[in-house]
Amino acid sequence: MTSVTSTVVRLKLSLLRNGLRQSGGRRAAYIASAVVVLLFAALQFLGLLALRGHEHAVSLVVLLAAVLGLGWAVMPLFFPTGDETLDPTRLVMLPLRPRPLVRALLAASLVGIGPLFTLLLLVGSAISVAHGAAAFVTAVVGVALALLLCVSLARAVAAANIRLLTSRKGRDLAVLSGLVIAVGAQVVNFGAQRLGSAGLGELDPAAAVLRWIPPASAICMVDSVSEGSYGVAVAQLAVSAGALVLLVAGWARTLTRLMTAPDGSTLQAADAASRERGTSTGLARLLPAGRTGTVMERSLRYIWRDPKTKAAWVTSLAIGLIVPVFNALQGTGSLYFACFAAGMLGIQMYNQFGQDTSAFWIVAMTISSPRDAYVELRGRALALLLITLPYATVVVVVTTALLGDWPKLPEVLGLSLALLGAMLATGAWTSARFPYSIPQEGHKNVAPGQAGLACIAILGGMISAALLCAPVIALTIWLNISATGESWSWLLLPVGAAYGTAITLLGLRLAAPRTAERLPEILSAVSKG
């Protein structure tokens, strides 16, 4: 009789094989990504081998193992559809007991690029700190324990949250991936610069704590054996093995509950929807009356409820703050980096109708003249400004405080407001001239065949916005090089605010007739996804 484990592993291989058969493009993308990931893993493996014998090698590998464990823990939350076998509720109708199912799913978890990538890094980490035959024998156990801890952690987290992750509201958790990637990239960059100047010794305090936290404890066990601290190694082995047993036991209990207990997520979703309706009604009272307020409320609802729109906003908000703040913390930043916030949020004005997808026909039915189109665009711009204006101001003030360059605050804030106005103006025009569809499913932000159109809209609009800001930029440069310009730099704040307002109104006026004329083309373009 065929075991459950071999059947589930073959199922995992079949899912992977059938997914690659769907299209040549998907197959090429998978192969290319696999080559890149494995090449990166191979380079990291060689780098870890080069650390062998380094004084602080153990600190680095302990931190690396901890980061790998964290990555496996959060992966199911950000990519719940990345692996079909992560959802055990698909197996609830089969006559399977939790314990054999745990073994089968654990074995299936070891199939894929992710486990191979993790294995290469763990093997390189163990070799870099292993000295002596006993240490190498221990490394085999440590690497196996660390890998099983990583995949078990991912499975346990996925099982505990699968009801949420497979619900409509639960998929909003994927929105956080953009924020985590943006923050993580800057943290890694900041940490790499610190390590480059101070050396790996900076990691010793963190490693002293993490060496007792699985899966880092499983790798640090190898170093303990190398140093002859067998009692410490046994304690770290006990911690790692105990953590694995607890994870698997908790996972098995969760599987039992999932396969026997009713799902109450619908009631929770209904309660959440009721709370959202109450909140939205309160917000509507604060907005202007008439069509302008209606358009603003609709745009704000999209930002809060639509996963793709929310993802774009979260990413822009995070990067707009991270870039100037992290550069300021490193002591290499300029106050003008604070304008990055206005630029990132101004991009949200581009392709305004694409976020409506096929529902844009409802909006199109209410636009019968350039005046209607102008009010529609104005309401969308005001909704964006409701968030962007205070946020851009806060970013400028925070960056100024970090750099301590308060005399330049008015000119940088004025330049930021001018840039925001220029992007609103060009965004309104490109929304009408180069609309494109945003697919509702998957991770793509542009429908197939419209990538070139999206590039023209965004890149062309950003270049145009930079050109529109040329007068304010020229005035800023002149005041900075002029002998008496510093005493007049405060004028850039009202000048930038007035210029941004004027250019926004002009852009909306010019885009309104184009929007009214091209309604059928816009509807066709945004409905393709």
Side-chain angles (χ1 to χ4, degrees), residues 22-26 29 168 171 291-292 294-313 315-316 345-384 423-465 504 506-529:
Q22 291 183 4
S23 67
R26 182 170 182 173
R168 180 179 178 182
R171 294 189 185 101
R291 176 167 185 151
T292 299
T294 302
V295 173
M296 291 179 66
E297 183 180 5
R298 186 203 325 133
S299 298
L300 294 173
R301 282 174 181 263
Y302 277 138
I303 295 172
W304 181 250
R305 293 184 177 182
D306 181 63
K308 288 295 182 69
T309 305
K310 185 187 293 186
W313 271 92
T315 304
S316 296
L345 295 181
I347 293 177
Q348 304 307 316
M349 187 65 186
Y350 292 72
N351 195 36
Q352 274 291 304
F353 307 126
Q355 67 181 5
D356 297 3
T357 61
S358 57
F360 178 69
W361 73 270
I362 301 177
V363 178
M365 293 292 292
T366 66
I367 299 177
S368 58
S369 66
R371 173 64 185 174
D372 293 336
Y374 173 76
V375 176
E376 176 71 26
L377 289 170
R378 184 182 63 186
R380 293 175 184 247
L382 288 174
L384 189 146
M423 297 200 73
L424 291 178
T426 56
W429 192 85
T430 56
S431 293
R433 183 64 183 84
F434 302 108
Y436 57 89
S437 178
I438 302 176
Q440 292 300 295
E441 299 297 332
H443 298 285
K444 294 182 178 180
N445 291 319
V446 182
Q450 294 185 329
L453 194 66
C455 289
I456 293 175
I458 296 175
L459 295 179
M462 292 174 66
I463 294 173
S464 300
T504 298
L506 179 61
L508 295 177
R509 290 288 182 187
L510 294 177
R514 174 74 64 173
T515 302
E517 292 170 3
R518 301 190 73 251
L519 279 178
E521 292 88 346
I522 295 173
L523 181 58
S524 175
V526 303
S527 301
K528 289 183 178 180

Exam field: side chain Tyr302 to backbone Thr309, donor-acceptor pair closer than 3.5 Å:
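Absent.
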
Which heavy atom of [X] sits nearest a heavy atom of [Y], and at what distance?
X	Y	result
Ser464	Thr426	CB-CG2, 3.8 Å
Gln352	Ser431	N-OG, 3.0 Å
Val375	Thr292	CG1-OG1, 3.7 Å
Ala383	Leu300	O-CD2, 4.0 Å
Leu345	Ser316	CD2-CB, 3.8 Å
Gly507	Ala425	CA-CB, 3.8 Å

Minimum side-chain heavy-atom gap [X]-[Y] below 4.5 Å:
X	Y	value
Thr430	Asn351	no
Val363	Arg298	yes
Leu384	Trp313	yes

Value rounded to 0.5 Å, distance of [atom1] in [X] from [atom2] in [Y]:
X	Y	atom1	atom2	answer
Arg509	Arg378	CZ	CZ	8.0 Å
Ile522	Asp356	CD1	CG	10.5 Å
Met365	Leu523	CE	CG	10.5 Å
Leu510	Leu377	CG	CG	11.5 Å

Any luck finding a side-chain donor-acceptor pair between Thr366 and Arg291 under 3.5 Å?
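Yes.
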
For residues 512-521, please give each side-chain donor-acceptor pair under 3.5 Å, one per line with the distance, not counting sequence neighbours.
from: Thr515; atom 1: OG1; to: Ala511; atom 2: O; distance (Å): 2.8
from: Arg518; atom 1: NH1; to: Ala432; atom 2: O; distance (Å): 2.4

Going by the ring-ring contact (aromatic ring centres under 6.0 Å, His included) test, name the single residue among Trp361, Tyr436, Phe360 that passes it with Phe353.
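It is Phe360; the other options fail the test.
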
Which residues share a ring-ring contact (aromatic ring centres under 6.0 Å, His included) with Phe434, sequence neighbours left out
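Not a single residue meets the ring-ring contact (aromatic ring centres under 6.0 Å, His included) criterion with Phe434.
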
